[in-house]
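Structure first, then comments.
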Amino acid sequence: MNETSQGTPIALGERVLTPVSEAFRVRLPGAAGALVWSRPLRVEIEERGLRRFVRVPDPTRKIQLGLLAAGLAAGTLIVLLRSRHSRRRWLSGGNR
Amino acid sequence: MSDEPRPSVEHTPTPRLAARIMESLISAGDVSKVYGEPIRQGESLLIPAAEILSVAGFGMGSGGGEQSGPGGRPRRGAGGGGGGGGRTLTRAVAVIVASPGGVEVKPIVDVTKIALAALTALGFVWASWKGMSKAKGSRVHP
């Protein structure tokens, strides 16, 4: 289950920072196992009555997923193109 | 059946221990674990932020049996056991720098993880290419 939680506010001068994290929890029935994945989400900043937030980016995760998706797409494309090419050769009798 | 009590799963400390470990694992995803203790550096404040992945699994079982022994006396036996394992992985994601000038989030790029992902992707492409070449070579035409 996905849930966000706020940390303890940190005061710095007129500014108050509140870290916010996101957690994904999966619990197997009967306490047989569990998976917990937590990551920083954003930092909420309160200053002179104004409230704004700064997102915490994760470039490593983005690049990782991009590379894996590109590899998967390229591999699938190779399989598709080469199987189509060999089928064409097969039908035209090019391999005899 | 005999009236003697048999060891059951409820009477062993393993489920309680497993539940306790599970609770501590669930709390590993707490916001206080994701954000580290703020570090003061002059007028600035540094807050480290990390990603946490915790996985754990347990298994247990018990059983008993009864059979008639020599002289018609019943022979009983019971046993039980359990096991488990788990792992927590952490990765630094960013450092939040709060200074009088403003709040800035400095992301941390993990080059090793990116290189491993690139190698995995290249390996998949290479395996697709080689697999297709092998399939083409072994094909028997009429």
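So that the names make sense, note that chain A is the first sequence line, chain B the second, and so on, each numbered from 1.
Taking 4.5 Å as the heavy-atom cut-off, the residues of residues 43-50 of chain B that approach chain A are B/Glu43, B/Leu45, B/Ile47, B/Ala49, B/Ala50, ordered by number.
A/Arg15 contributes a side-chain N or O that, together with a main-chain N or O of B/Ser99, makes up a donor-acceptor pair within less than 3.5 Å.
Between atom CG of residue B/Asp30 and atom OG of residue A/Ser38 there is a gap of 8.0 Å, rounded to the nearest 0.5 Å. Taken from CD in B/Glu37 to CD1 in A/Ile10, the straight-line distance is 8.5 Å, to the nearest 0.5 Å.
Hydrophobic clustering keeps B/Val103 apart from A/Val20 (ILVMFWY residues linked when any side-chain heavy atoms are closer than 4.5 Å, directly or through intermediates).
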Can you give me every donor-acceptor pair (side chain of residues 91-98 of chain B, partner residue at least two apart or in another chain, under 3.5 Å) with its distance?
residue, atom, partner, partner atom, Å
B/Arg91, NE, B/Glu51, OE1, 3.4
B/Arg91, NH1, A/Asp58, OD1, 3.2
B/Arg91, NH2, A/Asp58, OD1, 3.3
B/Arg91, NH2, A/Asp58, OD2, 2.7
B/Arg91, NH2, B/Glu51, OE1, 3.2

Run the side-chain donor-acceptor check on residues 108-126 of chain B: report pairs under 3.5 Å with partners two or more places apart or on a different chain.
residue, atom, partner, partner atom, Å
B/Asp110, OD1, B/Thr112, N, 3.3
B/Asp110, OD1, B/Lys113, N, 3.4
B/Thr120, OG1, B/Leu116, O, 2.7

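Interface summary for chain B: among A/Ile45, A/Leu67, A/Val43, the most heavy-atom pairs under 4.5 angstrom belong to A/Leu67. Listed options A/Pro59, A/Ala69, A/Ala34 were ranked by heavy-atom pairs under 4.5 angstrom with chain B; first place goes to A/Ala34. Chain B forms more heavy-atom pairs under 4.5 Å with one residue of A/Ser5, A/Ser21, A/Gly7, A/Pro40 than with any other, namely A/Pro40. Ranking B/Gly57, B/Pro107, B/Ala56 against chain A, the residue ahead of the rest is B/Ala56, based on heavy-atom pairs under 4.5 Å. With chain A as partner, the option from B/Ala127, B/Pro38, B/Pro100 having the largest number of non-hydrogen pairs under 4.5 angstrom is B/Pro100. Top candidate by heavy-atom pairs under 4.5 Å with chain B, chosen from A/Leu68, A/Leu12, A/Leu77, is A/Leu12.
Hydrophobic cluster membership for B/Leu89: A/Phe24, A/Val26, A/Leu35, A/Trp37, B/Leu53, B/Val55 (Ile, Leu, Val, Met, Phe, Trp, Tyr linked by side-chain heavy atoms under 4.5 Å, directly or transitively).
Residue A/Val56 comes nearest to B/Tyr35 through the heavy atom pair CG2-OH, 4.0 Å, listed as atom of the first residue, atom of the second, then distance. Smallest separation of non-hydrogen atoms from B/Ser128 and A/Val79: CB-CG2, 4.0 Å. Heavy-atom minimum distance, A/Pro57 versus B/Val105: CD-CG1, 3.6 Å.
Of the atoms belonging to A/Leu65, not a single heavy atom falls under 4.5 Å from chain B. With a 4.5 angstrom heavy-atom cutoff, A/Gln6 touches chain B only via backbone atoms. Neither the backbone nor the side chain of B/Ser32 comes within less than 4.5 Å of any heavy atom in chain A.
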